[in-house]
There are 2 protein chains.
Amino acid sequence: MNVEQIIKTGKKIPLESRTIIHFMLVNNKINESISNALKPFDVSLQQFNVLRILKGQNGKPANLSTLNERMVTKMSNTTRLVDKLILKGFVDRIICPSNRRKVEINLTAVGQKELAKMSATMKKVEKSILKKISKQELEQLNNLFNKF
Amino acid sequence: MNVEQIIKTGKKIPLESRTIIHFMLVNNKINESISNALKPFDVSLQQFNVLRILKGQNGKPANLSTLNERMVTKMSNTTRLVDKLILKGFVDRIICPSNRRKVEINLTAVGQKELAKMSATMKKVEKSILKKISKQELEQLNNLFNKF
DNA sequence: GGTATACATTTGTATATACAATTGTTGTAA
DNA sequence: TTACAACAATTGTATATACAAATGTATACC
């Protein structure tokens, strides 16, 4: 992936700017791969993320603020994200009995089943995205990311 | 930046998934910094990118497809992006005399002046984003990004 | 108990983006 | 020269996201 070639510029870009731009280009590519992979399941990356968090709850229901806290990309509107998952039958939402301000969100059986399929697909996509990168380099990347 | 801590999960994440998630977290952080920095100028990152491309043209006008080709994040609707820049007085758009299907987009004097200010701000933001990262590590990052 | 404050979510509204269909223009081949 | 395909941009529409205001509920203080 050559930055200058992709954004079709002749002049060379300062190392700092180049790194940021390069970062964004890789990000675009990753996002595209992932959302393509999720398209057949009719969920966005954000929605997948919510389902995954709910699975991590092991049956314990989550409320909106918990979801928001744990999401990779925090959104300003988790309510409507959940709305869409409800519409698809992947989760259900009830008002929390002990505190009626809160809601309890749970994976449905369908949601669990679909999530399992999505996760398998995601594993493949991750492998394909990272196929040219060694374990050692992955560690290296994680260490570098720590410095941001 | 500790991934597990940020997304508040107890279990450890497989290295591949962790890298992707880590990547997204860094991306969010970068985007936030940049859009905050651009907010005073009332432009989005995409709009800034278009202005920068136009500057790179050195007075030569660009048409929409050229812009699209050179944008870091390709958009499905560059027309309306340009509309917004016109509204702000940063660029103008005329129909290309030699081929009336095309348009010619140019930086205005105001656009040039504002872009200079934005660029100065962006330089600072980049420095601040990358302040903990050495030149050598930047090279390393760029090399790793090449493998995506 | 009544009132103010903080909390958790939802709703309204504006803006951004994606995708497809449409418009207008040019080039080309019968 | 006309009909058709390719091109470049625009428009319509649906969906996504951001931000602020509003709703409803619980808690704390007097």
Side-chain angles (χ1 to χ4, degrees), chain A residues 24 27-29 31-50 53-54 61-88 91-106, chain B residues 24 27-29 31-50 53-54 61-88 91-106:
Chain A
M24 291 177 174
N27 187 256
N28 293 342
K29 203 171 170 187
N31 273 337
E32 199 185 353
S33 299
I34 292 183
S35 50
N36 272 337
L38 290 177
K39 204 159 281 172
F41 300 102
D42 190 33
V43 293
S44 66
L45 176 52
Q46 308 275 35
Q47 290 172 19
F48 171 70
N49 191 210
V50 167
I53 292 168
L54 290 175
N63 50 43
L64 271 186
S65 33
T66 308
L67 287 184
N68 229 327
E69 213 175 54
R70 303 195 177 179
M71 281 171 71
V72 177
T73 302
K74 276 106 183 91
M75 288 218 335
S76 46
N77 208 327
T78 313
T79 298
R80 283 193 271 244
L81 222 179
V82 170
D83 285 347
K84 279 164 218 150
L85 290 171
I86 293 175
L87 228 54
K88 287 165 192 159
V91 309
D92 52 38
R93 171 177 51 198
I94 59 167
I95 291 168
C96 177
S98 67
N99 186 341
R100 291 160 44 74
R101 283 176 300 185
K102 299 188 184 180
V103 292
E104 291 186 342
I105 299 155
N106 267 298
Chain B
M24 291 177 175
N27 186 257
N28 293 342
K29 203 171 170 188
N31 274 337
E32 200 185 350
S33 299
I34 292 182
S35 50
N36 272 338
L38 290 178
K39 204 158 281 172
F41 300 102
D42 191 33
V43 293
S44 65
L45 176 53
Q46 309 275 35
Q47 290 173 19
F48 170 71
N49 190 211
V50 167
I53 292 168
L54 290 175
N63 50 42
L64 271 187
S65 33
T66 308
L67 287 183
N68 230 325
E69 213 174 54
R70 303 195 178 180
M71 282 171 71
V72 176
T73 301
K74 276 107 183 91
M75 287 218 336
S76 45
N77 208 327
T78 314
T79 298
R80 282 193 270 243
L81 222 179
V82 170
D83 286 347
K84 278 163 219 151
L85 290 171
I86 293 174
L87 228 54
K88 287 164 192 159
V91 308
D92 51 39
R93 171 178 52 197
I94 58 167
I95 291 169
C96 177
S98 65
N99 186 341
R100 290 160 42 77
R101 283 174 301 185
K102 298 187 183 180
V103 291
E104 291 186 340
I105 299 155
N106 267 298

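Because the structure is a prediction, the values reported are computed rather than measured.
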Original post:
Which is the 5'-most and which the 3'-most nucleotide of DNA chain D that has an atom under 4.0 Å from a heavy atom of chain B?
Top reply: D/dA6 to D/dC19

Subject >> 5' priority, DNA chain D, between A/Lys84 and A/Arg101 [closest heavy atom] >> reply: A/Lys84

**OP:** Let me know the distance between CG of A/Leu67 and C1' of C/dT10, rounded to the nearest Å.
**Re:** 15 Å

Original post:
Would you say the side chains of A/Asn63 and A/Thr66 form a donor-acceptor pair under 3.5 Å?
Top reply: yes

Subject >> Rounded distance (Å) that lies between atom P of C/dT23 and atom CD1 of B/Ile95 >> reply: 17 Å

Original post:
Donor-acceptor pair under 3.5 Å: do we get one between A/Arg80's side chain and the base of C/dG12?
Top reply: yes

Original post:
Which value, rounded to the nearest 0.5 Å, describes the distance between B/Lys84 atom NZ and B/Asp42 atom CG?
Top reply: 11.0 Å

**OP:** Flag yes if more than 12 heavy atoms outside A/Ile95 fall under 6.0 Å of its CD1 atom; otherwise flag no.
**Re:** no

Subject >> Gap between atoms CZ and P, on A/Arg100 and C/dT10 respectively (whole Å) >> reply: 13 Å

Original post:
When all nucleic acid strands are considered with a 4.0 Å heavy-atom cut-off, which category describes B/Thr79: base, sugar-phosphate, or nothing?
Top reply: base

**OP:** Using heavy atoms to find the nearest nucleotide of DNA chain C for A/Lys102 and A/Asp83 separately, return the residue whose nucleotide is more 5′.
**Re:** A/Lys102

Subject >> Interatomic distance, B/Asn31 atom CG to A/Asn27 atom CG [nearest 0.5 angstrom] >> reply: 7.0 Å

Original post:
Given B/Leu81 and B/Met71, is the side chain to side chain contact (heavy atoms under 4.5 Å, CB included) satisfied, shown in steps?
Top reply: CA-CA 12 Å; B/Leu81 222 179; B/Met71 282 171 71; 3.8 Å; yes

Original post:
Which whole-number value in Å describes the distance from B/Met75 CE to C/dC19 P?
Top reply: 12 Å

**OP:** Would you please confirm or rule out a distance under 4.0 Å between OP1 or OP2 of C/dA8 and any side-chain N or O of A/Arg93?
**Re:** no

Original post:
What are the two closest non-hydrogen atoms of B/Gln47 and B/Val43, and how far apart are they?
Top reply: OE1-CA, 3.5 Å

